[in-house]
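Right, one structure below, let's go through it.
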Amino acid sequence: MTKYWLMKSEPDVYSIDTLESEGKTHWEGVRNYQARNFMRDEMSIGDQVLFYHSNTKPPGVVGLAEVCSEPYPDFTAWDKKSPYFDPKTDPESPRWMMVDVAYKETFKRLVTLDELKEHPDLEEMLVIRRGMRLSVQPVDKDHFDTVLRLGKQ
DNA sequence: GCCAACGTTGGC
DNA sequence: GCCAACGTTGGC
């Protein structure tokens, strides 16, 4: 059963344009247990992903991607040269997990965070909640469809 | 670049 | 196991 997600990335670090040119990527660097658990326990191949640009102005959903691997250990955690290096984990017992994500499309237009906040059908969407910092979060199918429609119009 | 909101760490 | 200190996220 297909699930729906929103995944945040800072465009300065990894933008949807980069994903488009690479085709797919491993979603490295998630160092939050709740986000890790979503990837590890609930994601499966074919799940649909709203690609969100954070820490930019304006922030918002820029396109669509798709989960294209099972979860597997995030090897950047024990790569000393990686910005995501975590000295407290090791390959014997991986702490952090990731999935591969494939490019699907870039929206005709950016669906901004402000727009999500103002849309009457998206009041319950997690991403608009104050203090919501999860970089990987589940999205209801209804919300997903609404955002998709906004992005295509 | 500020800072509020969170999550994590570590002393006790 | 409490909680203060610290670090990070991410909108603004």
Side-chain angles (χ1 to χ4, degrees), chain A residues 3-22 24-43 47-67 71-101 103-140 142-144 146-151 153:
Chain A
K3 292 197 180 73
Y4 301 89
W5 306 95
L6 179 144
M7 295 171 88
K8 297 179 183 173
S9 183
E10 301 188 19
D12 290 346
V13 177
Y14 198 91
S15 74
I16 193 156
D17 293 339
T18 313
L19 181 61
E20 179 177 16
S21 65
E22 293 184 351
K24 68 172 195 173
T25 189
H26 43 83
W27 202 265
E28 68 193 52
V30 172
R31 296 292 178 270
N32 170 283
Y33 287 104
Q34 217 180 334
R36 188 275 315 263
N37 292 347
F38 282 133
M39 290 198 293
R40 185 190 60 186
D41 304 334
E42 301 201 37
M43 278 193 182
D47 283 3
Q48 301 296 298
V49 176
L50 296 174
F51 196 109
Y52 180 94
H53 278 175
S54 66
N55 217 349
T56 184
K57 61 173 196 207
V61 180
V62 288
L64 194 60
E66 180 174 317
V67 175
Y72 61 100
D74 181 344
F75 51 80
T76 64
W78 51 80
D79 175 1
K80 284 199 174 62
K81 295 190 297 296
S82 168
Y84 305 115
F85 176 66
D86 178 0
K88 294 185 293 300
T89 184
D90 73 276
E92 298 299 310
S93 59
R95 172 181 304 197
W96 304 114
M97 304 290 282
M98 61 185 171
V99 296
D100 289 351
V101 165
Y103 176 81
K104 284 198 77 178
E105 67 174 88
T106 302
F107 287 165
K108 283 207 182 72
R109 62 185 195 87
L110 170 70
V111 181
T112 65
L113 178 60
D114 278 347
E115 197 176 346
L116 299 177
K117 284 177 176 169
E118 283 162 13
H119 195 104
D121 296 341
L122 300 176
E123 283 173 7
E124 302 295 319
M125 205 176 170
L126 287 178
V127 71
I128 67 174
R129 295 212 186 143
R130 183 176 160 79
M132 166 52 67
R133 304 187 315 186
L134 265 186
S135 63
V136 175
Q137 49 183 266
V139 175
D140 290 351
D142 288 351
H143 296 157
F144 180 88
T146 300
V147 174
L148 206 60
R149 203 157 49 239
L150 292 172
Q153 80 189 8

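What you see is a predicted model; the values in this text were computed from it and never measured. Each chain gets a letter, A, B and so on, in the order the sequences are listed, and its residues count up from 1.
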Between C1' of C/dG11 and NZ of A/Lys117, the distance in whole Å: 7 Å

Parallel, tilted or perpendicular: rings of A/Phe144 and A/Tyr4 (30°, 60°): tilted

Value in whole Å for how far the P atom of C/dG7 lies from CZ of A/Phe85: 18 Å

Interatomic spacing from CD in A/Glu124 to CG in A/Asp140 - rounded to 0.5 Å: 8.5 Å

Gap separating the CD atom of A/Glu66 from the CG atom of A/Asp100, nearest 0.5 angstrom: 12.0 Å

Which pairs would a plain distance check flag for residues 51-59 of chain A, meaning a side-chain donor or acceptor within less than 3.5 Å of a matching protein atom at least two apart in sequence or in another chain?
{"residue": "A/His53", "atom": "NE2", "partner": "A/Ile16", "partner atom": "N", "Å": "3.1"}
{"residue": "A/Asn55", "atom": "ND2", "partner": "A/Glu10", "partner atom": "OE1", "Å": "3.4"}
{"residue": "A/Asn55", "atom": "ND2", "partner": "A/Glu10", "partner atom": "OE2", "Å": "3.3"}

Nearest-angstrom distance from the residue atom CZ of A/Arg36 to P of B/dG7: 15 Å

Euclidean distance, atom NE2 of residue A/His53 to atom P of C/dG11 [Å, nearest integer]: 12 Å

Sequence neighbours excluded - side-chain hydrogen bond (donor to acceptor under 3.5 Å, both in side chains) pairs with any residue from residues 78-89 of chain A: A/Asp86-A/Trp96

NZ/NE/NH1/NH2 to OD/OE distance under 4.0 Å, A/Arg31 and A/Asp74: yes

I'd like a list of close polar pairs between nucleotides 8-10 of chain C and the protein, N/O only, cut-off under 3.5 Å.
{"residue": "C/dT8", "atom": "O2", "partner": "A/Arg133", "partner atom": "NH1", "Å": "2.8"}
{"residue": "C/dT9", "atom": "O3'", "partner": "A/Arg133", "partner atom": "O", "Å": "3.4"}
{"residue": "C/dG10", "atom": "OP1", "partner": "A/Lys8", "partner atom": "NZ", "Å": "2.9"}
{"residue": "C/dG10", "atom": "OP1", "partner": "A/Arg133", "partner atom": "O", "Å": "2.4"}

